2 protein chains.
Amino acid sequence: MATKKQVKPKQEKYIYAFQNKKAEGKGSMKDILGGKGAGLAEMTNIGVPVPPGFTIITDVCNYYYLHSKKLPTGFEDQFKQSISKLEKASGKKFGDDKNPLLVSVRSGAKISMPGMMDTILNLGLNDITVEALAKKSNNPRFAYDSYRRFIMMFSDVVLGIDKSEFEEHLHKLKEQKKIKYDYEVSYIDLKDLIEKYKKIVKAKTGKEFPQNILKQLEMARDAVFTSWSNPRAITYRSINKIPDSLGTAVNVQAMVFGNMGEDCATGVGFTRNPSTGKKEFYGEYLINAQGEDVVAGVRTPQPILHLKKDMPKVFKQLVEVTSLLEKHYKDMQDFEFTIENNVLYMLQTRSGKRSIRAGIKIAVDMVKEKLITTNEALMRIDADQINQLLHPVIDPKAKLEIIAKGLPASPGAGTGKAVFDPDEAVSLSEAGEKVVLVRDETSPDDINGMNVAQGILTARGGMTSHAAVVARGMGKCAVVGCEDIKINIVKKQFTVENYTIKDGDFITLDGNTGNVILGKADTIMPEIEGEFKTFMKWADSVASLKVRANADVPRDAKVACSFGAEGIGLCRTEHMFFDPQRLPYMQEMILADTIDERKVALNKLLPFQTEDFYGLFKAMKGYPVTIRTLDPPLHEFLPKTNEAAKELSSIIGVPFEKIMKKSQDLHELNPMLGHRGCRLGITYPEITEMQVRAIMTAACKLYKKDKIKVIPEIMIPLVGNIKEFINQKQVAINVIKDVLKENKVKLDYKIGTMIEVPRAALTADEIATEAEFFSFGTNDLTQMGMGFSRDDAGKFIKIYLNKKILDNDPFQTLDQNGIGKLVAMGVLLGRETKKNLKIGICGEHGGDPESVKFCHRIGLTYVSCSPYRVPVAKLAAAQAVIEAKKQ
Amino acid sequence: MATKKQVKPKQEKYIYAFQNKKAEGKGSMKDILGGKGAGLAEMTNIGVPVPPGFTIITDVCNYYYLHSKKLPTGFEDQFKQSISKLEKASGKKFGDDKNPLLVSVRSGAKISMPGMMDTILNLGLNDITVEALAKKSNNPRFAYDSYRRFIMMFSDVVLGIDKSEFEEHLHKLKEQKKIKYDYEVSYIDLKDLIEKYKKIVKAKTGKEFPQNILKQLEMARDAVFTSWSNPRAITYRSINKIPDSLGTAVNVQAMVFGNMGEDCATGVGFTRNPSTGKKEFYGEYLINAQGEDVVAGVRTPQPILHLKKDMPKVFKQLVEVTSLLEKHYKDMQDFEFTIENNVLYMLQTRSGKRSIRAGIKIAVDMVKEKLITTNEALMRIDADQINQLLHPVIDPKAKLEIIAKGLPASPGAGTGKAVFDPDEAVSLSEAGEKVVLVRDETSPDDINGMNVAQGILTARGGMTSHAAVVARGMGKCAVVGCEDIKINIVKKQFTVENYTIKDGDFITLDGNTGNVILGKADTIMPEIEGEFKTFMKWADSVASLKVRANADVPRDAKVACSFGAEGIGLCRTEHMFFDPQRLPYMQEMILADTIDERKVALNKLLPFQTEDFYGLFKAMKGYPVTIRTLDPPLHEFLPKTNEAAKELSSIIGVPFEKIMKKSQDLHELNPMLGHRGCRLGITYPEITEMQVRAIMTAACKLYKKDKIKVIPEIMIPLVGNIKEFINQKQVAINVIKDVLKENKVKLDYKIGTMIEVPRAALTADEIATEAEFFSFGTNDLTQMGMGFSRDDAGKFIKIYLNKKILDNDPFQTLDQNGIGKLVAMGVLLGRETKKNLKIGICGEHGGDPESVKFCHRIGLTYVSCSPYRVPVAKLAAAQAVIEAKKQ
C-alpha cells in the first residue's frame, strides 16, 4: 500500500535498501520510492539478481525544497548506514584500492519523466580507485576513459560546468593525433586528459575535483534533487499535468561491469519474439563487453542461445530469471543483463515493444497459458493499431528514399505510376498499369480515378478531406495535405525540394506514416492469423456497443460483413449518382426548369437507385441498412470545366450557356453551410420521393424474390429544426404507403435523422418526438460546432497541434470537451422524449478508439465506421466496457 | 372576471343582452361573450349608443358540437325572450310590414379570427318586410338590392349554395341591359332577379327560401356555430395556436340605416389625427347614405366638422361619445357611426392605426393628459418602427411604378442613376450625380461605391448579406436578394420582366418595403420631433440593458452618440484596411515571405490604425470602445482580377505571378469556417501585436493630449477554445506593457472574446476563467449553429418562410429556441465562473426588438447594434423591463 503523502516525512525511515534478494520496499510503493525504486525493490523481492543499492524516498526531496535545501533530522545517520550495508552486500568498498565500489545515482519519480532529470554513472572513481579498476579489468584504457567520463558528467551535472569545455580538449587531442574515434585514444593520452579536466574544474570552481567518495555521493544526491526543478522538468510536468509536489526519489545502486574478463558478458533480450509473438527466447550478448558495445555495433553480438555453450550455468539462470519476470509482470519482457565474474545481474526489465501481430498472438497465448484473463488480453492491444492488420504495409526491411511527408490519412501502402488526372488513371489502369493518383485535392469527380488507383496523394486537405474519407472507405492508402509537393497540373508533374516527379514516374505511398517514397517499395500483405480471430471473438463477447459500417455499394458492404459489421450505419446515396452512366440523368434533373421535367429525369434514375439498394440489402442479409437521402449541394454534380459542360450539352441536349448559367446560379460562397441536406428535399420533394421509392421498392423485391426481410432505415440529413424533419417524413410516408400497396407487401421501416447541425443537438427533445432514430454526423457537427471547414482547416490545425492549442485533430478524435458535450446533450434530450431511442454515430469518429469509448460511455446504441475500421471499433467498444468496470 | 370554462354551460344564462345603455355582460367577459360580444357590452355599459342586441355565449357553441348539434335545455326559452327584449328595445318587430326589425348575425371568438367565420347582414328581410323597408327608406332600389344580397349571402352561408350561381344571373342581366355597375340596375330588374334567386334556392334545396324570420335567425345562428369548424378556421387556429375548445359566441344585433332620409347619415373618424398625432377630431361623413358609400367614393364625403352645421345636436353627441371612448380605452379610436332618423349609433370602435410619428406624439400627449402612464406609453410603440423616423422615406402620396421587389434590408429611400460598378459610382458621385449601386452581391471591394451611393440594390443575398449589413451600418437604404432582376455586368444593365434598366437610368429604392421603383420618386426626411426626445428619455429611464453601437469610423461613432449609444460594442478593424491608401500595405503584409517582411508592412499600417483608434476614442468621449482584432480571411484583401493583381504588382513591386499564387494558396472552399478570426492572430502574432500597439498608443495619446481616459476593450474573435484565447491574450499583454511603459502612462484595459463559435458557448465556463468580457457574435453563432451561410442561405430561407418551417429569418430575429439556447448556456456557464462577467451581443440581432428583449431576459449587460438602430434597441430594452414586471 502506498503511504500517505506528508510534507515532513516520518522520522523513522528515509531510505529503503534492496539487496541480498530482500528489499525493504515493494513494487506498490511508487508514491515514496518512485517508479524505478519500486521496480528495483519488486525485482529484488521476487528473487531476481539485481545489483544491490538503496532508494532515498521522494519525501526527502520535498523536505529538501521546503527547508532551503536542508535534509531532515536523522537522515544523515540512515544515509551512512545505508552505505555500509551496500558495501557489505556488494563485497566492495568506496575508495578501496583493490576492490572499489562504484555506484550509479539516478532520479526516479512516481511517474516516469524520461530524460528530464540527471543521472550520474561510475561514481566512486578517484585517482586511487581508477588504478584498482584498471588492474581488476585488465583494461586501463576502459578505466581511464570511465574516470574521464565520470569527471565530465559529474562536473556537468553537479558542478554546472558545460560539457563543451571538456569535449574541446578531447577534440584537440584527436586532431593532434590524427585519429577519428574516441576508442582509438590511448590510455596514456587519457591520463593526460584527466589531468587537464581536473585543471578545468579547479579553474572554474576554485576547488579540486572531489577525491572524497562520500562527498561525491552527497553532491550527486543533492544534484538529483535539484534536477527535479530544472526548467525542462518543470515544462515536462506542466505539459503532462504531473503535480510539482510529487518530488523525486534518488536511487543509489552498485555498478557492475561486463568487461572485467572472459567470465564477464553483457546482453539484451526479449522473453518472446517481438515481431511474430512466438514464444521463444530472443536476444543477443557479447563476452567481455559493456552494454553500449552491443548497441554500437563495433563488435557483432552473438545470438543469445550461444550463451548456453559459453556459460551454461549462467544461461540457465538467465532463462529462469526472465521466465520469472514474465510470469510476475504477466507480459512479454524486454530485459538487459550483465555478467560480472560469472555472476548474473539484471539491469533492467520492462514490457517489450512488439508489432501488432505479435501483440495479439502474445495476448492470446498468455490467456491459454492462464497468465492473464481475456479481459486483460483485450486491454493489452492498442485498438487503433489493429487497422494495420487489414492493409498491405511497406516491408519494414526495405530501404526507402523518402522525398516528402504528408498526413497518414488512410493506412496501407500503395505503389504505382504517378498520374495527375483521374481519367488517365482509369485508362492506364485498364491497360494493366498500377497508378498512384496525385491531386491538389480530390472531389467527387475524381472517384473513378481513385477507385482504380493504388493510393492517393493530395497536396491539400486534412484527415477527413474528401480524399481521406473516400480512401478510408475504399480501404485504400492515402497521404493527404502533403504541402511540400508543388503540383503543376499543366506539365503533369510535381516538385518537392530537388525532385521532380513526372507523369508515369513510380512512387510509393506509406499510409501508415505519411511518407512519400521515390520509386517502388516492397510491400507485404499481413495475413489475419488464427489468434486474431480468437481475439476478436473475445472482443465481441464483451462489447455492448454495436458496430456498423459506412458503405455505399455492395462491394463495401461485403467487406464490412467479412469484418463483422452488424449493419450499415450510413449509405451515402449521392455516391451512386457519380457513376458515368447515371451522372447525365442527375445533371438533367438539376438543369430541369419545371417539376415535370425534373420528374422525367428522376424517373430515369429510379431503376438505378432501386438496383443499388437491392444489391446493398442483399449483401447485408437482413442486417439493418440506414440510407441517407441526398446530401451534397447540387453544384457538385455539374461539370466544372467548359469542356465538360460542352460534352454534357451534347449528351443531354441542354444548351451550353444554360449549363454554365445554372452552375453560376448554384455557386455558393460556403457550400458546407448552403443549399444541401434536407434543404434539397424540402425544395425539391420529388428527389426525396424518388429515393424513398427506390428504397422501398428494393426492400419489397428482396422480400418477394429472396425471402429476406430488411428493415430500411431512411435517414434525413442536416435537420436542424423539427419542422424540416416533419416535412420530409411526410413526403417519405406518402411514397412508402404507395409502394407497399403497389407491391402488396407489409414491411416495417424507420424514419430517422442525422444530428449534425448543432441546433439539432440543442433541440433533440423536440426532434425525438417525430424521429425514430438519431445518427450523429460528427464530421459536420465538428465542422459547425468548432467552425472548422474540414476542407480548409488542415493548414491551421497543423499550427494548432504544434502550438499545443489542440491535442488532437478534431476530425480524427472527437473533441469530447466541446463537440462531445453537444453529442451528450443530444442523447440526453432525445432519450428524455423517447426512453429507448436508437442512437448511433456515423462520422469518421466511429472508427477512432477514444471516440468509440466516449460513445459507449454516453450510451449510444451503435457506431458506424469505414469497413476497414470495424475491428478497431469493436475492440475499442470491448475495452470501454472493461474500463467502465474498473471504475 | 372571466368565468371558468365548462363543457356543459350553467343552466341559468346562455344569452347576454345589451340595450338601453345597460348590458348584462361586460368587457372582461371575453371568455364567454367572445371579443366582439364583450366589446358591445362594454360600450353599452359606459353609455355609448350601440344598436341593441344580444350575445349567445361560447359554451353554447361547445355544447352544440359535443351534443350532435343540439342546444342545451332551456336555451330555446332564453332565445325567444331575448328576441322579444330586442324588439322592445329597438321599437321594431321581426316581420312587421311597417317597421320591421332587421339584424346582423355575427361570430365572435375570444381571440379575433378576422374573416375566418361567417356573418349575415340584413336578416329579417322577406317578401313583406322588403316592401316596408322600401317605403320607409323611400328608396326601393336600396330595399330590393338589400333583399337580393341577403338571399345570396344567406344561401351561401346557411344553405351552402355557391355565390356564383346567383352572380351569373346578375352578370347576364347587366350584359342584357348593357350596363356596367351594379348600382345602375333598376329596382324593377332587381325584383325580377329576386324571383330568379328564389327559384335557384328552390331548385337546389327543394324548399322555398325561408320567409319565417325566426326560422331565418335559427338557421343563421347554427350556421355561425358550424363555421367555427370550417377548414379555413381550423387551419387559422392551428397556425395561430388558438385552442379548438374556445368556441365562438354569436352576436345578434339590430341593423341601423343611414340612408332612410335626410335626417340620416353615416361616417367614419379618428379621435386624433392618425398621420400627425395632433389632437383633432378627424373624419368624414355622408348624409342619407350607407357605410359603403363613404368608402366606395361614389359620392364625395364631407369633412366631419361640417356635421356640426348639418346636425348640431348629433355632432355634439358624437364628440362626447368618441371622447368617452378614447378615455375609456385610453387610446386613439378609429370609429364608425350611423345616424338613423336623428339617432346616433356607434357601429364600431377600435384602436386606430397611426404612423409611427403620430404614435409617439399620441403616446406622449396621453401621458401629459394623464390618460396613460409612461410605461403604458412605451408599450404602445412597435420598437421596430422607430427606425422609420431616422431615414428618409418615400412620400406616401407619390404614384410609383414598382418594377421589382426584394428584401427590405436597410430602411429609407434612395433615388439615383443606376450604376453597375463601384468605381463608376465614385466618379459619378464626385461629378455631383446621385447614384444607386446595382450589384449581384457586394464585397468589401465595393465599400467605396456603397459609401457614395444613395442606395444599394443586389440580386443575391439575404437580410444579413454584406450589402445589407454594411448599408444598415451606414444608415443607407438597401434592397437585397432581388432575384427577379437579371444583371448583365458586361452590358451594364439589368432586366426585369419587360423593363431594361441601363447604366445611368434613374431608379428609386424603398428600403422599407423592398420595392424597386422606376425613375425618381419623391422622398421626405421625417424630422425628430420634440415628443420623440421625451419618449426616448422615458425609455432610457426604464431600461436596464445598455445599448452600444457597432461603429468602425469616427463618423459612425458620432451618429451613434447622437442617437444615445453608450459605447461602441464592436469596431471591426478590417474595414479600415480596405481604404485605397492602406490596402497595398495590407497586401504587402499578406504577400510577405518572412516574419521580418511582414513586420515591415505592418509597421506601415501602424500609424493609420493608431490614428483610426484615436479618432474613434475621441468621438466616443470616454465611453467604452470594444475593438475586435483582425477577423476576415486574408484572401479577402487580395485582388480578385488579373488587372487588379497587375496594378498591385506595379505598386508594391511583388511579381504578378506571386500575387496570383498567393491568392490561389489562400483560396478556401468554405472561408466562413476557414483561416480567419483568432486563427490569423495565432498564425501571425505580429498582426495582433500591431493592432494592440495601435489601440494602446491611441489610448495613451487621448489621455496625454485630450485628458480623456478611455478603457479600451480588446476583443479576440472566433475563439472556440480557451487555449486560443490564452495565446492571444498573452500576445496582447506583452505589447500593452511595452506601450504603457514607453508612454509612461497608466491605463486600464480589458481583454475579452467574441462568443460566436458554438464550442465557445459550450465551454464558456472555461473561457471565462481568462476572458474579462464576452460579446456574443450571433451572426456567426447563427451561421454555425444552424448551418446557414448567410451569403448563401437567402434562397432556401425564403422557401422555409413560405413553407412555415421558419417563422422568421434567423439572421434578422434571433432563433431563441435553438441559437438562443446556446447564448443562454454561454451566459450561465460564463457567470458560473465569473459572477459579474460583462456580457454583450454585437450581431445584427442587437437591433432587433424581439432579440433585444431576449437579451434582457437572459441577463446580458448590453446589446450593440448599427447606429441607426440604437433608439430601436433602447425602446425594446425598456419594453422588456415593463413586460417582465407584468409577469
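It should be emphasised that the depicted structure is a prediction, and the values quoted were computed from it without experimental measurement. Throughout, a chain's letter reflects where its sequence line sits, starting with A, and its residues are numbered from 1.
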Taking all heavy atoms of E724(B) and all of Y800(A), pick out the closest pair and write down the distance. OE2-OH, 2.6 Å
Mind ranking A760(B), A761(B), P758(B) by heavy-atom pairs under 4.5 Å with chain A and telling me who comes out on top? P758(B)
Based on non-hydrogen pairs under 4.5 Å, which of I722(B), L718(B), V757(B) is most in contact with chain A? V757(B)
To the nearest 0.5 Å, what is the distance between [atom1] on [X] and [atom2] on [Y]?
X: K661(B); Y: K486(A); atom1: NZ; atom2: NZ; value: 5.0 Å
X: C678(A); Y: I805(B); atom1: SG; atom2: CD1; value: 7.5 Å
X: E668(B); Y: R460(A); atom1: CD; atom2: CZ; value: 10.5 Å

Can you say whether [X] sits under 4.5 Å from chain A via the side chain, the backbone, both, or neither, judging by heavy atoms?
X: N727(B); value: side chain
X: I799(B); value: side chain
X: E441(B); value: side chain
X: E483(B); value: neither
X: D807(B); value: side chain

Part of [X] within contact of chain B (heavy atom distance under 4.5 Å):
X: I682(A); result: both
X: F788(A); result: both
X: I726(A); result: neither
X: D780(A); result: neither

Of all of [options], which one pairs up most often with chain B through heavy atoms under 4.5 Å apart?
options: R679(A), K723(A), K821(A); value: R679(A)
options: N817(A), I819(A), D815(A), T763(A); value: D815(A)
options: G787(A), P671(A), G677(A); value: G787(A)

Checking side chain to side chain contact (heavy atoms under 4.5 Å, CB included) for the pair T683(A)/K795(B): CA distance, chi angles, key distance, verdict? CA-CA 10 Å; T683(A) 316; K795(B) 280 182 209 166; over 6 Å; no
Counting heavy atoms not belonging to [X], are there more than 12 under 6.0 Å from its [atom1]?
X: K640(A); atom1: NZ; answer: yes
X: I489(B); atom1: CD1; answer: yes
X: K803(B); atom1: NZ; answer: yes
X: L801(A); atom1: CG; answer: yes

Okay, side chain of D792(A), backbone of G674(B): is any donor-acceptor separation there less than 3.5 Å? no
Side chains of L673(B) and N670(A) in contact at under 4.5 Å (non-hydrogen atoms): no
